[in-house]
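Scroll down for the structure; my scribbles are underneath it.
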Amino acid sequence: MQAIQILIDGFAISSLYAIGAIGFTLMFGVSGVLNLSHGAIMVVSAVAAWAVAGALPVGPFGGALAGVVTGVVFAYATYLLVVRPIQTSRTIPGEEKEIFVLTGTLIWGIMLAEAVAYFFTNNPKTVLPLISGVVMIFGERTPSNKIMTAVIAWAVIGLLWLLVNRTKAGKTLMAAAINPRALTLLGYELSHIYLLVWGIYGVLVGLAGVLLGAFLGVSSDNVGTLTASAFSIVVLGGLGSVSGSLIAAYVVGYLETFTAYLIAPSIRTVPVLLLLVAVVYIRPQGLMGRR
Amino acid sequence: MRTSRLYPLLALILLCLALLPFGVGGYILGLLTVGYYYGVIAMAWDLLFGFAGEVNFGPSFLVGVGAYTAALLNHYQHWPIWACLIAGSLAAMVGGMVLAVPALKLKGPYFGLITLVAVLLLQNMLVLFSGVTGGEIGLDVPDVLTISDNGNYWYALGFMTISGAILFGLSRSPTGLILQASGQDAIEASALGFNVAKHKMVAFAVSAIFSGLAGAMLIFYLATVSVGTVVDLTIGAQVIIAAVMGGRRTILGAALGSVLLIIGNELLRPIGQLATFFVSATALVMILFFPGGFLGRLLRPEGRE
Amino acid sequence: MKEISHSKRRATLLASVLAGALALPLAAQAADPIKIGVIAETSAISGVAIPNGAKLAAEEINKAGGINGRMIEIVEYDDHNSAADAVRAFQRAGNQDKVVAVIASYVSEVVLALQPWSARMKLPMITPGAASDVITQRVHDDYANQKYVFHGYLASTQIADAVCEAGKDILVTQMKVKTAVVMSEDAAWTVPLDEEYLKCLSGIGIKVVDHIRLSPDTTDFTPIFNKVEGLKPDVIVTGISHVGVQPTVQWQQQQVPMAMFGVSSQASSSTFWKDTNGAAEGVVFNMVSAPDVASTPKTIPFAQAYEKKYGITPGYAGYTAYDDVYMYADAIKRAGSTEPDKLVAAMEKTDWVGTIGRIQFLGQDSKFTHGMKIGPGFVSGLMVQWQGGKTVTVWPADAATGKLRFPANIKLGN
C-alpha cells in the first residue's frame, strides 16, 4: 500500500540525511566551520568502500569499515591542510576568516571531486549492502539494506548522545560549542577539542557516505548536491543544533518522499528548496536555532 | 599605486590587448573572449563582496537569470540581440533585488546559504522544464554577435573595459567608500549616518546588472546556453577563485584573476582531466599563503586592511 | 677583398637558409600527420570508449603504414558532457589544431549543438553513439550545408524497431509477455525512441500500460519502481543511457519482479558488472555489436585487442569509433585528399566492413540521410544479457551464444 511505502522509504532516506546533517551541524556548532567539502568527503568514503570491497576479499563489512576510515582520514586532511592554516593565519584578517574557510573548503571539495572522477570516472558506484535480500513489512517488500541503514543511523545517534551527555570529552565538546573562551579560561586546550570534533565528524561523514553508497549509489557528480542538501537541512533545523538537524532531516526526507510518490519523482527537491527559502526569509535561525 | 601611474599603465595594457588579434590565433582569442566575460562577472562579484561585504556563493544565479532570459527570448521569440541583452540585465537586476532583501536582514553564513539555494532552485527549475530550456545539455541560440573571432574578441574586450571602468570608478567614488565602510563595519557606518541598507541595495543592483549582462553576452558568443555553462555551482566557484586570487576589493584584480584562470586551465590542458584539480589546488595555495591576491598589495585603497 | 668575401659569405648563408626554408615545408609535408579530432566525455564509461576505440584504430593503421605514408594523429578533447565545451573543442579542433575530421560524442544534445558548427566550418563530423533522429533529419532537410555530418550509429527509431523485432521472439514467444511499462530518461534521444516503442510494441501484441519518463538526475528510483510494480506489467521496456548503475542496483535490491529489457547504454561495458556489484544479472539490453559475437570477422579481434589494451570490454561506442577512424582513412585514401567536400563525397560512397557490420551510408532519398543502412547483411542489432559476470548474446537465434536466464525473483509471463 502506498502509505506504507511512503512511511518506510521516508524513514530510510531521512535517517540517511540525519547522519550527514548531524555531522555538519556538530562541526559548525563546536568549531564554527561550515565545511563545504562535506559532500566530497562522503563520496570519497563511499568510493573507497566500493574500491576496497572490489579489490580485497573483505566482504561488505570490510569495505564499509574502509569507507569510514577513509572518511576520518579525509576529515583530518581537511582540517590540517585547509581549515587550520586559515584559522591560524596571520595574514588573513580576523573577520574574514570565516569567508576564507568557506572558500577554502569549497575549493578543496572541488579538488576531491575531480580526483575521484579522474581515478574512478563519474559513473556512480554502489557499495555492497551489509545485508542483502528483502523483508516484508506490512505487506510491502523492502530491501533489508534500507532497514539496516535506519538501524545503524539510530545506533550512531544513540552513541553520539551518550558521548555528549555521559562522557567528559563529550561534555567538553558541548561546552566548546557554547562558550569556547570560557573553556580556555578553565584550562582546556581548544586544539584538542577541535581534533576530537573533526574525528567524530570524520566517522559520521564516512558512515553517511558508505550508507548512501549502499542505498542509492554515489558519483563525483553528486558532490555539490550532497553538500547543499546537508547545508539546507542544517539551516532548517538551526545551525549548531544537533536535535534541530535531526528533526529537520526527517522533515526534509518525508517532504521529498511525499513529493516523489504523490506528485512526481522529478520535482522531489523543489518543495524542500521552497521551504528553505521560506524559513530563511521568515525565521532565519531555523527551527531550533539559538542565535 | 597612485592613480596617476595606474591609468596610463592600464591604457597601455588595454592597447596591447586590443592589438592581440593581429598577432594571435583564433583559438587563443576565443579563450580570452570567454575570460573577459568571466572577468566582468568576477568584478561584479568583487564589488558585492569586497565592498558590501556580502559573500555571494551563487554569482551564477544572476548570470544564469540574465543568460537564460536572453537565450529564451532569442530562441523562441526571435527578439533581436540588443533587446535580449536589455531584458537579460533587467531580469538579473530583479534577481539581485530578490537576493538583497534577505541579505539586509541576515548575517554571515545565512546569506551565503540563500545565494547557494538560489542557484539550486534555478538549476532545478531549468532542468525540470528542460523541454523548454534544454536542461542540462543546453539550448542553441540562433543569433550570434558575429562569426569572426576578432569581432567577438573586441566585443568582449570592449565590454570588459567599459564595465571595468564603471565598476572601478564606482569603487573609488564616495559611494564606493561608503560601501566599503558598510561592508567592513555596518554598525559604525550607520553610526556615521550613512544609509547602509540603501547603499547595499545599490551594490546588489549594480552587481546583478553586470553579471546578468555578461551572461547574456556570453551566450551570444557561444551560441548555446546550458546549465553547465552559466548556472552550475562550479561557475560560482571559478568566479570566487578568480576574484580572490586577483585580489579582493581591487575590482581590477578580479578581471586579472579570471584571465589567469582561463590561461591556467588552458596551459594545463595536456594533463586532461586533472586540469581543474591543479587549478583549484593552485587557488587553494594562493588563498592560504597570499590572501591579498596578485593585486592586493598594489591596489588596496588606503585605509585599514 | 674583405668586403667581397664578406658579401660572398652572406650570399652563401642566405642561399643555404633559403634552401633550408624551401626544403623544410617539403620535408614537413611528407611527415605531416593527418589529424582526426575526437570529442567525448572521457570521465564517463560510455564516453571514454570513443577515444579509446579511435586510438586503437589509429595505432593499427599507422603500424600498417598509415594513409599513403602519412600517419594518423588522434587529437582528444574532453567535452564534460557539455554542449558549450564541445562547441569550443570543435572550434579549437578545426581552427587551431587543424584536424581534417571529427568523431564526436554519444550524447544527442551535444551532437545537435555541434551540427551547426560542422556546417559553418565545413568540417566533416561523425557521431559513433548518439541516437537522435534529428541528426539525420537535419542533413536531409538542408543537405547543401549539413552534408558534412554523418550518423555512425542507429537512429532512435531504428533502435526501437530493433528492440521490438527482438521482442517478438524474446518477449512474446519466450517470456509470454502481454503488458509492458516503458521507462525512459528524459532526453533528446528518447523522444523518438519512446514514440516508436509505443507504436511497435502494440504492433507485436504487447499493451503498454504506462509510459514513464524520468529525470536523468534521478538518484532515488524507489518511488518509480514502486509505481511500476503497482501497475503490474509483465516487463519493463527501458530507454536509459545517462543513468544505468543506480536504477539497476535499486531494481535488484528491491527485487522488482519484472525484467528490464530494451536499451541501457552503460550496460554494454564490463565495468558495469563491477559498478553494480553484480546487480546487472538478468538485464537484457540492445547492442549493435558484442564481444562474443562475430558480427563480422573484425568484431571479436577488436574486442580482444581493446580488452588487452584497456583492461575492460569496449563500451558500445568504442566499436563504432574504431570503425569511424577506419572509414575516414578509407575515404581519404579514395579521395586522394583531405579537402572537406572531397572527403564528404568519398564518405558517401563508403562500403566498409567494420566491427558492427557492413556499413553504407544512406543518401538524400532516405529520410535518414547520412545514417547507416540497417538490415540483414548490413548493420543490425543484438540483444545481450548479463549472466554471471559475462555478457551473453541471446538474440537473434543465429548469433546467440546462450539462452535467456533470469534471477529467481523475476516472474515470467502468465
Side-chain angles (χ1 to χ4, degrees), chain A residues 28 32 34 36 81-82 85-86 89 91-93 95-115 117-119 121-122 223-225 227-229 231-232 234-236 239 264 266-270 272-274 276-277 279-282 284-286 289 291, chain B residues 49 53-55 57 98 101-102 105-114 116-125 127-128 130 183-185 232-234 236-238 240-241 243-244 248 271-292 296 304-305:
Chain A
F28 178 76
L34 281 171
L36 292 185
L81 294 176
V82 181
I86 296 177
S89 159
T91 42
I92 301 175
E95 66 271 9
E96 291 197 13
K97 290 216 165 110
E98 209 174 58
I99 312 267
F100 269 80
V101 166
L102 278 166
T103 315
T105 51
L106 181 69
I107 300 177
W108 173 243
I110 295 177
M111 282 170 62
L112 289 178
E114 289 292 319
Y118 179 71
F119 287 110
T121 80
N122 62 9
V223 165
T225 11
T227 306
S229 169
F231 202 0
S232 313
V234 157
V235 165
L236 214 59
L239 269 174
S266 44
I267 59 166
R268 66 187 284 150
T269 46
V270 173
V272 173
L273 287 172
L274 293 174
L276 194 58
V277 172
V279 165
V280 171
Y281 271 81
I282 302 172
Q285 67 269 42
R291 280 159 235 202
Chain B
F49 167 63
E54 301 288 347
V55 187
F57 273 104
V98 168
V101 170
K105 289 200 274 176
L106 300 171
K107 296 269 167 298
Y110 290 100
F111 176 65
L113 176 72
I114 300 248
L116 263 180
V117 169
V119 174
L120 287 176
L121 258 177
L122 184 63
Q123 213 173 350
N124 267 286
M125 286 297 153
V127 170
L128 207 59
S130 54
Q184 300 203 280
D185 200 328
D232 212 59
L233 285 173
T234 46
Q238 294 244 22
I240 298 174
I241 294 176
V244 170
R248 289 130 46 233
I271 56 172
Q273 279 177 275
L274 283 182
T276 321
F277 178 85
F278 278 109
V279 170
S280 309
T282 314
L284 188 60
V285 166
M286 272 224 71
I287 74 164
L288 285 178
F289 298 110
F290 304 105
R304 56 186 164 132
E305 275 260 301

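What you see is a predicted model, and the numbers here were worked out from it, not measured in a lab. In what follows, every chain begins at residue 1, and chains take the letters A, B, ... in the order their sequences are listed.
- Taking both residues in full, the closest heavy atoms of F277(B) and M111(A) are given as CD1-O, 3.2 Å, listed atom of the first, atom of the second, then distance.
- Proximity to chain A (any heavy atom under 4.5 Å) is restricted, for I241(B), to the side chain, taken from C-beta onward.
- Atom CZ of F49(B) and atom OG1 of T103(A) lie 7.0 Å apart (nearest 0.5 Å).
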Please tabulate, for the side chains in residues 279-290 of chain B, all donor-acceptor contacts under 3.5 angstrom to protein atoms that are two or more places apart in sequence or on a different chain.
{"residue": "S280(B)", "atom": "OG", "partner": "T276(B)", "partner atom": "O", "Å": "2.7"}
{"residue": "T282(B)", "atom": "OG1", "partner": "F278(B)", "partner atom": "O", "Å": "2.6"}

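- With a 4.5 angstrom heavy-atom cutoff, L106(A) touches chain B only via side-chain atoms.
- Residue contact with chain B, scored on non-hydrogen atoms closer than 4.5 Å, involves the backbone of L81(A) exclusively.
- Summarising the geometry, atom CG belonging to L273(A) is positioned 10.0 Å from atom CD belonging to Q123(B); distances are rounded to the nearest 0.5 Å.
- Only the side chain of L276(A) comes within less than 4.5 Å of a heavy atom of chain B; its backbone N, CA, C and O stay farther away.
- Not counting sequence neighbours, the partners of L112(A) by the side chain to side chain contact (heavy atoms under 4.5 Å, CB included) test are A40(A), I41(A), V44(A), F74(A), W108(A).
- With chain A as the partner, the residue from L120(B), V119(B), L116(B) showing the most heavy-atom pairs under 4.5 Å is L120(B).
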